[in-house]
Novice: 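Next up is a structure, given as structure tokens.
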Amino acid sequence: MPVSARVHVLPADLADKIAAGEVVERPASALKELVENAIDAGAGRVEVALEGGGADLLNVLDDGSGIHPEDLPLVVVRHATSKLRSEKDLEDVRTLGFRGEALASLAAVARLEIRSRRAEDAVGQRLRVGPGQAPVVEPCGMPVGTQVSVRSLFAQVPARRKFLRSKATETAACVETMLRVALGHPGVAMRLSSDGRVLVDLPAGDLAARVSAVFERRGHPAPDPAEDEVDGTAVRVFVVPPDRLRRGRGLMYVVVRGRVVEDRSLHGAVRSALAPFVPEGAGAVAAVYVDPPPGAVDVNVHPQKTEVRFADPQAVLHAVRTVLARLVARRSVGMGAPSSPNAAAPVVRAETMLRAAERDGVAPRYRLATKALSPEGARTRRDTAATVSGLLEGPSRRAGERPSKRAGAAARPGGGSGAPAWIDAGRLGARVALFVRNERLYVVDLPVLRTHLVERRLLAELAGGSVASQGLLLPVVVEASAAEVRQVEAVRAELARLGFEIDVFGEDALAVRAVPAAAGPWDEVAVRRAVARLAAWARLAAADRADLAVASSEVAASTDPGEVGAKTIRAWLDEAGADEDGARVPGVHVYEARDLLGRKGGSP
Ligand SMILES: Nc1ncnc2c1ncn2[C@@H]1O[C@H](COP(=O)(O)OP(=O)(O)OP(=O)(O)O)[C@@H](O)[C@H]1O
Ligand SMILES: [Mg+2]
């Protein structure tokens with residue numbers, strides 16, 4: 001972290017490459033910028049004081065590196081930063097700030113006072129500046145560190161001031177922002193008071209302690225931790241187990257490189273994966289930390305830096321889903337669940353999941369797929385989870401991937417290192433694959449199997465609320481008749497639940513901006529196919545449309561995997577549970593040796 005780097009104004013061409021937009025909307029956004037600056041300066045503690053919900057006074061004090069006295073007038077200049085030098089740095093930003101915008105934006109809408117002192121300076125310096133005012137710098141007393149005071153936010157911009165909410169609401173937003181920043185930086189002690197009352201007080205500590213403290217501050221019990229890694233993406237999960245969940249709304253944070261980010265696909269994936277953990281009437285409470293390999297995250301996509309872009313979003317989603325699937329599997333068999341007093345509850349969990357499915361009106365299909373109704377069904381579900389997790393951690397594990405920490409994994413039937421492998425026995429044209437396992441021949445109709453799996457994934461996600469969506473880099477514009485435009489418009493809410501974001505684009509076209517992540521890969525052809533199928537579905541009577549199962553199968557049939565390799569097919573076969581119940585999996589035909597001989601010779 002370049003805590004001692006000097007401040008300089010970015011060259012115009014580099015400044016132009018930075019996601020620009022409104023930086024300060026309300027006290028909480030100012031607070032976020034100032035606290036992040038303190039953290040970038042290597043602070044060990046940050047103290048925030050508010051008056052009037054932060055609109056009258058927002059004061060942030062840190063014990064970080066301080067600012068070079070000669071740099072002080074520069075920090076309020078637009079595009080002046082110590083954190084970025086070249087375009088290359090933009091590819092792997094390690095600091096929370098990088099645009100050189102925050103203090104300049106604040107100085108334009110409030111009276112700003114910055115006091116700062118470095119360890120090597122005898123005295124501090126104070127800078128005062130305000131809207132339309134030239135900065136004034138003079139010496140002052142100051143401990144090592146920086147203090148920024150923002151007074152009368154938007155006093156000169158009545159139109160903006162009018163949009164501020166009540167003091168209580170703005171204070172609550174500041175508390176939430178403080179907690180969000182705190183989640184990414186457990187090593188920094190953080191305190192917030194409002195009109196003298198302490199509202200947040202978090203000591204420095206380890207991540208688990210910090211997450212627990214934040215959950216507690218939000219009225220939730222402490223979570224259980226779990227961590228794992230898939231193809232270089234580390235995932236740490238903190239989730240409140242079902243027996244400790246309180247009724248009411250859930251709480252979900254996704255943290256990437258120290259930032260709490262808003263990412264619909266990631267949130268959706270987490271929510272649906274955790275659905276089995278969530279009893280009726282409650283929402284999931286979890287914090288998920290995702291750490292992809294260096295260079296794989298672009299933070300320069302959103303003016304408020306609350307979004308990130310992954311070089312390979314599918315890989316990140318896959319890692320998160322896999323780790324959560326392992327976690328679910330582990331808990332379902334009552335193993336390795338830290339501090340779980342009721343490990344004997346797999347059946348309850350399966351039923352809970354089913355209730356969630358029923359609540360969402362997708363139960364009939366879902367029940368069919370998982371057989372989770374009876375205790376026997378619960379066993380099947382459990383075994384499937386074990387198989388999936390066994391596969392993920394079994395003999396096919398790649399060299400270099402960390403071995404399972406679970407000693408018991410290998411002992412389970414169908415999973416672990418003792419399980420037989422799917423032996424690739426060749427292809428019949430592009431559509432049919434042959435695999436051998438346990439002296440049985442599996443003839444796999446690839447498009448049928450894949451459509452079945454995609455449909456099942458969509459239904460499982462729907463059971464958790466809605467399907468995670470994935471934004472398209474460029475919207476796909478699809479021509480449509482006026483009637484089709486109206487029909488699609490009428491089912492926008494349902495389409496959103498399915499993970500589609502489709503806008504009307506003029507009178508005779510639709511713009512597709514996001515698609516369900518679980519159904520990919522998406523190309524333009526698949527998007528067009530899906531729109532055509534969904535337009536037909538939208539024409540159904542409302543009652544026939546109520547169950548999104550039909551729409552899910554339309555979506556599943558729209559995408560096409562292209563050429564798939566043996567590794568993918570093996571994963572599909574395992575996901576479908578083909579080993580245990582191959583005859584019942586759509587697209588899979590199972591033959592024993594005697595079936596084949598009987599057919600050929602006409603007699604056994
Ligand atoms: N609390 C602080 N301690 C030390 N230096 C600071 C502090 N706050 C700001 N600075 C200095 O002022 C510069 C400008 O801060 P500002 O927040 O405007 O931009 P930034 O953090 O570089 O980028 P961004 O606009 O993305 O936040 C920083 O680059 C840093 O050098
Ligand atoms: Mg900053």
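Start at 1 and go down the list; that is how both ligands and their atoms are numbered. Keep in mind it's a predicted model, so treat the numbers as computed, not measured. Note: hydrogens, waters and symmetry copies are ignored here, and every other heavy atom, side chains too, is used.
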Novice: Looking at Asp63 and Gly44, would you say the former's side chain and the latter's main chain have a donor-acceptor pair under 3.5 Å?
Specialist: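 Between the backbone of Gly44 and the side chain of Asp63 there is a qualifying donor-acceptor contact (under 3.5 Å).
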Novice: Please indicate whether any nitrogen or oxygen in Phe98 is less than 3.5 Å from any nitrogen or oxygen in ligand 1.
Specialist: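 Yes.
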Novice: With salt bridge (charged side-chain N to carboxylate O under 4.0 Å, His left out) as the test, would you mind laying out the steps for Lys32 and Glu25 before giving the verdict?
Specialist: CA-CA 11 Å; Lys32 173 170 180 284; Glu25 285 178 326; over 6 Å; no
Novice: Restricting to non-hydrogen atoms, name the atom on Gly66 and the atom on Arg118 that form the minimum distance, rounded to 0.1 Å.
Specialist: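 Between these two residues, the closest heavy atoms are C-CG, 3.8 Å.
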Novice: Counting only heavy atoms not in Arg161, do more than 12 sit closer than 6.0 Å to its CZ atom?
Specialist: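 Check passes, neighbour count above 12.
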Novice: Is there a polar contact, in the sense of an N or O pair closer than 3.5 Å, between Leu103 and ligand 1?
Specialist: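 Between Leu103 and ligand 1, an N or O pair is found under 3.5 Å apart.
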Novice: Can Asp56 and Arg151 be counted as an ion pair, charged N to O under 4.0 angstrom?
Specialist: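 Not counted as a salt bridge, because no side-chain N and carboxylate O are separated by less than 4.0 Å.
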Novice: Taking it one step at a time, do Glu461 and Arg457 satisfy salt bridge (charged side-chain N to carboxylate O under 4.0 Å, His left out)?
Specialist: CA-CA 6 Å; Glu461 289 202 42; Arg457 283 178 213 152; over 6 Å; no
Novice: Hey, does Glu227 have a side-chain heavy atom less than 4.5 Å from the side chain of Val237?
Specialist: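 No, their side chains stay 4.5 Å or more apart.
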Novice: Are any of the side-chain nitrogens in Arg165 or Glu170 under 4.0 Å away from the carboxylate oxygens of its partner?
Specialist: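 Not counted as a salt bridge, because no side-chain N and carboxylate O are separated by less than 4.0 Å.
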Novice: Please state which part of Asp62 comes within less than 4.0 Å of ligand 1, counting heavy atoms only: side chain, backbone, both or neither.
Specialist: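 The side chain, only.
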Novice: Under 4.0 Å, heavy-atom basis, I'd like to know which part of Ala41 is in contact with ligand 1: side chain, backbone, both or neither.
Specialist: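 Only the side chain of Ala41 comes within reach of ligand 1.
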Novice: At a 4.0 Å cut-off, with the gap strictly under it, does some heavy atom of Gly64 reach an atom of ligand 1?
Specialist: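 Per 4.0 Å heavy-atom rule, Gly64 does not contact ligand 1.
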Novice: Answer yes or no: is there an ion pair linking Arg115 with Glu113, defined by an N-O contact shorter than 4.0 Å?
Specialist: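 Salt bridge between Arg115 and Glu113, a charged N being under 4.0 Å from a carboxylate O: yes.
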Novice: So Gln125 and Arg117, do their side chains get closer than 4.5 Å, heavy atoms only?
Specialist: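 No, their side chains stay 4.5 Å or more apart.
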Novice: Just jot down the ligand 1 atoms closer than 4.0 angstrom to any heavy atom of Glu33, in number order.
Specialist: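 Every atom of ligand 1 under 4.0 Å from some heavy atom of Glu33: 27 (O).
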Novice: Do ligand 1 and Gly100 have nitrogen or oxygen atoms that lie under 3.5 Å from each other?
Specialist: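 There is such a contact, yes.
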Novice: What atoms in ligand 1 come closer than 4.0 Å to a heavy atom of Gly97?
Specialist: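 Counting atoms of ligand 1 from 1, those under 4.0 Å from Gly97 are 21 (O), 23 (O), 24 (P), 26 (O), 27 (O).
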Novice: Would you kindly specify which portion of Thr81 sits under 4.0 Å from ligand 1, judged on non-hydrogen atoms: side chain, backbone, both or neither?
Specialist: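 For Thr81, backbone and side-chain atoms both sit under 4.0 Å from ligand 1.
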Novice: I need the contact type for Ala80 against ligand 1. Using non-hydrogen atoms and a strict under-4.0 Å cut-off, is it side chain, backbone, both or neither?
Specialist: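 Contact part for Ala80 vs ligand 1: backbone (N, CA, C, O).
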Novice: Could you say whether the N/O atoms of Asp40 and ligand 1 ever approach to under 3.5 Å?
Specialist: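 So ligand 1 has no N or O lying under 3.5 Å from an N or O of Asp40.
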Novice: How about Asn37: does one of its N, O or S atoms come closer than 2.8 Å to the Mg ion (ligand 2)?
Specialist: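 A backbone or side-chain N, O or S atom of Asn37 is under 2.8 Å from the Mg ion (ligand 2).
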Novice: When you compare ligand 1 with Gly66, is there at least one nitrogen or oxygen pair between them that comes in under 3.5 angstrom?
Specialist: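 Between Gly66 and ligand 1, no N or O pair is found under 3.5 Å apart.
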Novice: Give the single entry among Arg78, Lys83, Glu36 that approaches atom 21 (O) of ligand 1 most closely by any heavy atom.
Specialist: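 Minimum heavy-atom distance to atom 21 (O) of ligand 1 goes to Lys83.
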Novice: Any idea which atoms of ligand 1 are less than 4.0 Å away from a heavy-atom of Val7?
Specialist: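 This gives 31 (O) as the contact atoms.
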